[in-house]
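By convention in this document, chain letters (A, B, ...) are assigned in the order of the sequence lines, proteins followed by strands, and residues within each chain are numbered from 1.
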Amino acid sequence: MSGPFISLVMRDLKLASRSGGSAALALAFFALVATLVPLGVGANLNLLARIAGGVLWVGAVLAALLSLDRLYQGDFDDGSLDLIALSPLSLEQVALAKLLAHWFSTGLPLTLLSPLLALLFGLPGPGTWALFVSLLIGTPAVSAVGAIGASLTLSLKRGGLILPLIILPLLAPAVIFGAGAVTAALDHLSNGALGLLSAFAAAAVLLSPFAAAACVRLNLAG
Amino acid sequence: MFRYANPAVFMRLSGALLPWISGAAAILLAMGLWMGFRVPPDYQQGMTVTIMFVHVPAAIVAEVAYGAIAVASLFSLVWRHPLADTAARAAAPLGAVFTALGLVTGSLWGRPMWGAYWVWDARLTSFLLLLFLYLGYMALWNAIEDETRAARAAAILALVGAVNLPIIKFSVDWWNTLHQGESIVSGQIARVFMWPLAFMAFGYMALFAALWMVRIRTEIVNRRARSLIQRAG
């Protein structure tokens with residue numbers, strides 16, 4: 001399984017990074033959201049440091065959401081998904097490969113960018129570290145839950161509009177635990193948020209390929 | 001369970017049951033309201049305690065309805081039960097309305113008691129998220145044209161939501177809690193308040209059951225009409 005699996009991951013990464021891919025766009029979106037918030041709430045660095053965890057987490061979730069349609073939609077439209085389904089990989093493995101590729105091209109870059117944005121928000125060192133770690137742990141869950149939504153809305157002409165409505169309520173725990181970890185670090189407390197976030201991410205990554213494969217199967221059957 | 005999968009059998013059975021359930025709902029709600037208006041004022045909440053009689057049952061039914069959707073979706077996905085899709089789809093708007101009712105009555109109670117229509121309390125927030133789950137579920141049903149495909153996609157979403165709902169509840173509880181704790185099962189609630197609440201709760205349940213049945217029956221009749229039109233055309 002390793003050969004086709006890795007080549008599928010590499011293929012998706014290539015598609016994401018070349019022209020028309022949305023990996024860079026998601027990063028730009030993330031940075032722009034982080035720029036607009038201080039314009040809205042004022043330049044008080046104390047206030048900004050306080051809300052940085054929540055704002056950057058919400059921004060990261062929205063940015064990851066933007067690139068979800070790439071996950072299956074393109075392959076479905078041009079027929080490659082039918083060919084991928086014929087490959088030796090099971091659809092569950094395909095879903096896992098696509099999830100990994102989505103995280104490498106979206107979640108990981110967002111995480112790497114976050115310390116820079118945290119700097120703009122005046123987030124102190126421990127807070128920045130907590131934000132970085134929580135995004136590193138939590139963004140796979142965002143990709144995993146997002147993959148379910150992307151595969152559900154696969155056959156829709158305008159799936160992009162309904163996708164956030166389906167996905168965002170399900171991602172509430174990730175935002176709560178992720179931003180909670182940053183707040184706790186600011187207050188020099190330990191509230192176990194990172195542990196809970198890890199549990200949520202592990203469950204999401206583990207279960208998502210099965211749900212996503214079921215959705216892909218039903219959309220290919222028609 | 002599968003004997004009632006046949007729409008004709010279901011129509012006959014539900015047709016016989018419906019008047020009784022509707023009647024029970026009307027009587028229970030009338031009794032509950034009458035008793036609810038006669039309770040003494042609570043020593044802390046005053047007369048706003050009566051809001052509880054329309055608020056708590058709505059919240060219970062809102063959760064029961066999501067459970068019903070999840071069970072129906074499981075039946076539809078695993079056993080291809082032909083009525084389960086219809087049942088799940090029919091329950092969603094009802095659940096959404098009861099969720100909204102719970103939120104509205106809760107905020108009306110919150111204004112005099114907490115001093116604000118809305119506070120970011122754990123239970124309020126998780127109910128708001130539940131409302132969004134309902135809306136997303138309904139939107140997915142409406143967005144996919146092919147009916148069997150829509151049914152299966154919605155069923156998968158309902159099950160994903162059912163797995164995630166306890167996690168959402170836990171995370172929101174962890175995040176913030178202001179809502180008073182549960183007092184019904186643990187027996188802390190006073191007798192005078194218990195009786196009207198019980199009547200209202202069963203009344204709401206019966207109302208939900210009756211409306212749900214009507215919606216399923218309507219859908220079956222609609223489907224029949226569509227196939228007749230198709231055959232004629």
Side-chain angles (χ1 to χ4, degrees), chain A residues 54 138 141 144-181 183-184 191-193 195-197 199-201 203-204 206-208 210-222, chain B residues 66 70 73-74 76-78 80 85 92 96 99 120-177:
Chain A
V145 176
I148 301 177
S151 55
L152 271 175
T153 53
L154 187 52
S155 61
L156 295 179
K157 287 285 164 289
R158 302 201 305 179
L161 290 177
I162 190 177
L163 191 57
L165 185 58
I166 293 176
I167 292 304
L168 289 178
L170 298 175
L171 283 174
V175 174
I176 289 174
F177 295 139
T183 318
N191 59 5
L196 293 167
L197 184 65
F200 179 72
L206 211 63
L207 296 177
S208 153
F210 294 98
C215 302
V216 170
R217 205 165 279 136
L218 95 96
N219 276 309
L220 287 182
Chain B
Y66 200 89
S73 302
L74 191 69
S76 129
L77 273 183
V78 177
R80 297 283 189 273
D85 293 331
T99 311
W120 286 96
D121 153 70
R123 248 189 256 190
L124 269 73
T125 311
S126 59
F127 255 75
L128 189 60
L129 288 171
L130 179 66
L131 181 65
F132 286 128
L133 280 182
Y134 272 122
L135 294 181
Y137 176 80
M138 280 151 56
L140 186 66
W141 256 110
N142 290 332
I144 304 180
E145 274 171 34
D146 181 85
E147 205 147 302
T148 47
R149 193 181 280 185
R152 298 193 55 193
I156 294 172
L157 178 62
L159 288 182
V160 170
V163 170
N164 211 334
L165 206 53
I167 307 176
I168 295 179
K169 278 199 95 94
F170 169 77
S171 68
V172 174
D173 275 339
W174 178 89
W175 172 65
N176 195 1
T177 195

Of the backbone (N, CA, C, O) and the side chain (C-beta and beyond), which part of Phe170(B) lies under 4.5 Å from a heavy atom of chain A, both, or neither?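 For Phe170(B), side-chain heavy atoms alone lie under 4.5 Å from chain A.
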Contact part of Ile156(B) toward chain A, heavy-atom cut-off under 4.5 Å: side chain, backbone, both or neither?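 The answer is the side chain of Ile156(B).
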Out of [options], return the one with the most heavy atom pairs under 4.5 angstrom to chain A.
| options | answer |
| --- | --- |
| Asp146(B), Leu165(B), Ile168(B) | Ile168(B) |
| Thr148(B), Leu133(B), Leu140(B) | Leu140(B) |
| Ser126(B), Gly161(B), Ala143(B) | Ala143(B) |

Tell me, please, which residues at least two apart from Ser208(A) pass side chain to side chain donor-acceptor pair (under 3.5 Å).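 Testing Ser208(A) for side chain to side chain donor-acceptor pair (under 3.5 Å), a comparison that skips the adjacent residues, returns none.
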How far does [atom1] of [X] sit from [atom2] of [Y], to the nearest 0.5 angstrom?
| X | Y | atom1 | atom2 | result |
| --- | --- | --- | --- | --- |
| Leu170(A) | Leu157(B) | CG | CG | 7.0 Å |
| Leu135(B) | Ile166(A) | CG | CD1 | 11.5 Å |
| Leu207(A) | Leu159(B) | CG | CG | 12.0 Å |

Mind checking what makes side chain to side chain contact (heavy atoms under 4.5 Å, CB included) contact with Thr99(B), not counting sequence neighbours?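 Scan of Thr99(B) (side chain to side chain contact (heavy atoms under 4.5 Å, CB included), adjacent residues dropped) gives Ala62(B), Phe127(B), Leu130(B), Leu131(B), Tyr134(B).
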Full working for side chain to side chain contact (heavy atoms under 4.5 Å, CB included) between Phe132(B) and Leu168(A): CA-CA 9 Å; Phe132(B) 286 128; Leu168(A) 289 178; over 6 Å; no
Toward chain B, the part of Ala204(A) with a non-hydrogen atom under 4.5 Å: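 Ala204(A) has no heavy atom closer than 4.5 Å to chain B.
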Part of Ile176(A) within contact of chain B (heavy atom distance under 4.5 Å):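 Ile176(A) touches chain B through backbone and side-chain heavy atoms alike.
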Sort out for me which of Pro173(A), Ala199(A), Ala193(A) touches chain B most, counting heavy-atom pairs under 4.5 Å.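 Of Pro173(A), Ala199(A), Ala193(A), Pro173(A) has the most heavy-atom pairs under 4.5 Å with chain B.
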Side chain to side chain contact (heavy atoms under 4.5 Å, CB included) between Leu152(A) and Val160(B), worked out: CA-CA 11 Å; Leu152(A) 271 175; Val160(B) 170; over 6 Å; no
Looking at Leu128(B), Leu129(B), Asn164(B), which hits side chain to side chain contact (heavy atoms under 4.5 Å, CB included) with Pro169(A)?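 Output: one option passes, namely Leu129(B).
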Mind listing the closest non-hydrogen atom pair of Ala139(B) and Leu165(A) along with its distance?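 Looking at all heavy atoms of both residues, the shortest contact is CB-CD2, 3.9 Å.
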